[in-house]
Amino acid sequence: MTHVIRVPNAKIALSTASVYPERTPDAFELAARLGYDGVEIMVGADPVSQDIDVLERLSDHYQVPILAVHAPCLLVTQRVWGRDPWAKLVRAQKAAERLGASTVVVHPPFRWQRDYARDFEAGLARMREQTDVVFAVENMFPLRARGNKVVPYSPDWNPVDHDFPQVTLDLSHTAVSGSDAMEMAEKLGDRLAHVHLADGVGVTNRDEHLVPGRGSQPCAPLLERLAKAGYGGLIVLEINTRKAASRTERIDDLAEGLAFARLHLAASPASK
C-alpha cells in the first residue's frame, strides 16, 4: 500500500487589494518576491489598476502573470470605468482577454440597479457566448440593522441557488453572512470556479478579510477538500493588511497566507 500526496493544479494568486494602502505596482513586486503564481487585479481608485497598458508592463517587468480581473462593482468604485454596470463588465472582459486572465470576478447587482439586476443572469449568459473568459459571481452577505436583515443585492447576496455556471466563494463573506462554507462548496460542485481565501470571526456587518487560520472559517478543510477533488480553479489571497504596523508585518501576513494555502492544498495522503 502506497501513500501518495496529491497536489492539484490550482494556482495561488495575490489580490492587489491585499497590499492596500500600498498600490497595484507593490502587489506585483510582493507577489514576485514571495512566490505567488500570479495576481488578481482589483480594479479600483488606483489609476494603475485601471490602465491595461501599465498592467501589461508591470506583468512583464516582474514576470508575474495576471490571472484574474475583479470588476469595479464595489460601492466605492461605482464611478470607476463609468457608471454603466454592463459597460464595466465588457471592459473587464476585454481587459482579461488582453492580459491573459481567465476569470472576471463580479458581484451580484445592487437592488437599485434595477435594469441591470433584471437582466443579470441572461446578460451574463450572452457574454459567455462571446468569450472564453469566465464570469464568476461572488457570494456577498446581508446587512443587519436593529434586528432586521437587509439584502442590498438582487437577485440575492448568495449565488449558490441561482443559475450561474461559475461562482466565486469568498470565505470572509461566509463569515459575515453566517454561512456554512463547506456546505456552499458542496452545493456548488463544479460551479465553484474561484476562491477568495480569507478568514473571519463573523462580526456583524464587518467584512474582515483576516489572514487564513486567524478566524473561524474552515479555510484548511476547504482547501484540503478542493485538493482531493482535483480543483483546477484559482485560489486568491484577499486579506486586509491596512492595519499592519509596518511593511515588514504586511509582507509577513502575505507570506503566511501563501504558506497556509500551499500547505493545505497538499491533499491528505491517498492510498493506492
Side-chain angles (χ1 to χ4, degrees), residues 8-13 15 17 40-43 67-74 85-86 88-89 92-93 96 101-111 113 116-117 119-129 131-142 151-200 207 209 212 217-219 221-238 261 265:
N9 295 323
K11 294 182 178 179
I12 304 171
S15 169
E40 174 175 300
I41 302 297
M42 173 68 81
V43 180
L67 301 175
V69 174
H70 194 307
C73 44
L74 304 173
W86 284 119
K88 290 172 184 275
L89 286 194
Q93 172 194 323
S102 61
T103 303
V104 168
V105 178
V106 58
H107 291 181
F110 291 110
R111 285 197 172 276
Q113 297 173 312
Y116 179 48
D119 195 39
F120 186 59
E121 292 187 36
L124 283 184
R126 289 193 299 269
M127 293 182 73
R128 285 193 298 271
E129 294 175 355
T131 182
D132 291 331
V133 172
V134 167
F135 293 90
V137 182
E138 186 171 359
N139 65 301
M140 300 304 293
F141 48 87
V151 179
Y153 303 99
S154 179
D156 195 8
W157 60 268
N158 184 358
V160 172
D161 294 328
H162 295 274
D163 189 23
F164 301 121
Q166 288 89 23
V167 170
T168 296
L169 181 59
D170 185 301
L171 290 171
S172 178
H173 296 174
T174 58
V176 189
S177 65
S179 304
D180 184 327
M182 298 295 283
E183 181 181 356
M184 291 178 75
E186 181 178 358
K187 287 183 177 180
L188 285 169
D190 292 342
R191 295 196 297 143
L192 178 53
H194 201 77
V195 172
H196 279 167
L197 181 62
D199 213 332
D207 191 10
H209 284 278
Q217 294 305 289
C219 298
L222 178 67
L223 290 172
E224 291 163 6
R225 178 177 187 158
L226 293 176
K228 291 176 185 178
Y231 174 76
L234 192 61
I235 307 291
V236 179
L237 187 76
E238 189 182 77
L265 273 176

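If you read the sequence from its start, that first residue is 1, and numbering goes on from there. Computed from a predicted structure; not experimentally measured.
- Residues satisfying the side-chain hydrogen bond (donor to acceptor under 3.5 Å, both in side chains) test with Ser172, not counting sequence neighbours, are Asp207.
- By the 4.5 Å heavy-atom criterion applied to side chains, Leu197 and Val236 are not counted as neighbours.
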Legend entry - Worked verdict on Leu234 versus Thr103 for side chain to side chain contact (heavy atoms under 4.5 Å, CB included): CA-CA 9 Å; Leu234 192 61; Thr103 303; 5.6 Å; no
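- Partners of Asp163 by side chain to side chain contact (heavy atoms under 4.5 Å, CB included), not counting sequence neighbours, listed by chain and number: Glu121.
- Take Asp119 and apply the salt bridge (Lys or Arg N to Asp or Glu O under 4.0 Å) test, not counting sequence neighbours, and it matches Arg126.
- Residues that satisfy the ring pair (Phe, Tyr, Trp, His ring centres under 6.0 Å) test with Phe110, not counting sequence neighbours, are Trp112, Tyr153.
- Closest heavy-atom contact between Trp86 and Leu124: CH2-N, 3.8 Å.
- Taking the ring pair (Phe, Tyr, Trp, His ring centres under 6.0 Å) definition, one finds that Phe135 meets it with nothing, sequence neighbours left out.
- Here the shortest heavy-atom pairing between Pro155 and Arg111 reads O-NH2, 4.4 Å.
- Side-chain atoms of Arg191 do not come within 3.5 Å of backbone N or O of Ala185 as any donor-acceptor pair.
- For Arg225, the side chain to side chain contact (heavy atoms under 4.5 Å, CB included) partners at least two apart in sequence or on another chain are Met182, Glu186.
- Under the 6.0 Å cut-off for aromatic ring centres, His194 and His70 do not qualify, their centroids lying 6.0 Å or more apart.
- With sequence neighbours excluded, the residues that form a side chain to side chain contact (heavy atoms under 4.5 Å, CB included) with Asn139 are Pro159, Leu169, Asp170, His173, Thr174, Met184.
- Note that CG of Leu265 and OH of Tyr231 are 9.0 Å apart. Values are rounded to the nearest 0.5 Å.
- Residues that satisfy the side chain to side chain contact (heavy atoms under 4.5 Å, CB included) test with Pro72, not counting sequence neighbours, are Val43, Thr77, Val80, Trp81, Lys88.
- Ser102 meets the side-chain hydrogen bond (donor to acceptor under 3.5 Å, both in side chains) test with no other residue; sequence neighbours excluded.
- Using the six-membered ring where Trp is involved, Tyr116 and Phe120 have ring planes that are perpendicular, over 60° apart on the 30 and 60° scheme.
- Remark: Gln166 pairs with no residue by the side-chain hydrogen bond (donor to acceptor under 3.5 Å, both in side chains) rule, at least two apart or across chains.
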Legend entry - Criterion side chain to side chain contact (heavy atoms under 4.5 Å, CB included) on Val106 and Glu138, from CA distance to verdict: CA-CA 6 Å; Val106 58; Glu138 186 171 359; over 6 Å; no
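- When all heavy atoms are compared, the tightest approach of Ser177 to Pro142 is CB-CD, 3.8 Å.
- Minimum interatomic distance between Ala92 and Ala71 (heavy atoms only, all atoms of both residues): CB-CB, 4.1 Å.
- Thr168 places a side-chain N or O within donor-acceptor distance of the main-chain N or O of Ala136, the cut-off being under 3.5 Å.
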Inset, instruction - Could you go through the side chain to side chain contact (heavy atoms under 4.5 Å, CB included) check for Ser179 and Trp157 one step at a time? - result: CA-CA 11 Å; Ser179 304; Trp157 60 268; 3.3 Å; yes
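- Using a cutoff of 4.0 Å between basic side-chain nitrogens and carboxylate oxygens, Glu224 and Lys228 are not scored as salt-bridged.
- Nearest approach of Cys73 to His107, heavy atoms of both residues: SG-N, 3.3 Å.
- Listed by chain and residue number, nothing satisfies the side-chain hydrogen bond (donor to acceptor under 3.5 Å, both in side chains) test with Ser154 (two or more places apart in sequence, or in another chain).
- In this structure, the separation between CD1 on Ile235 and CG on Leu222 is 7.0 Å, given to the nearest 0.5 Å.
- Atom CG of Leu237 and atom NE2 of His196 lie 10.0 Å apart (nearest 0.5 Å).
- Closest approach of Ala198 to Leu171, counting heavy atoms only: O-CB, 3.3 Å.
- Remark: the backbone N or O of Val134 is not paired with any side-chain donor or acceptor of Arg128 at under 3.5 angstrom.
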Inset, instruction - Step by step, work out the side chain to side chain contact (heavy atoms under 4.5 Å, CB included) result for Val137 and Val105. - result: CA-CA 6 Å; Val137 182; Val105 178; over 6 Å; no
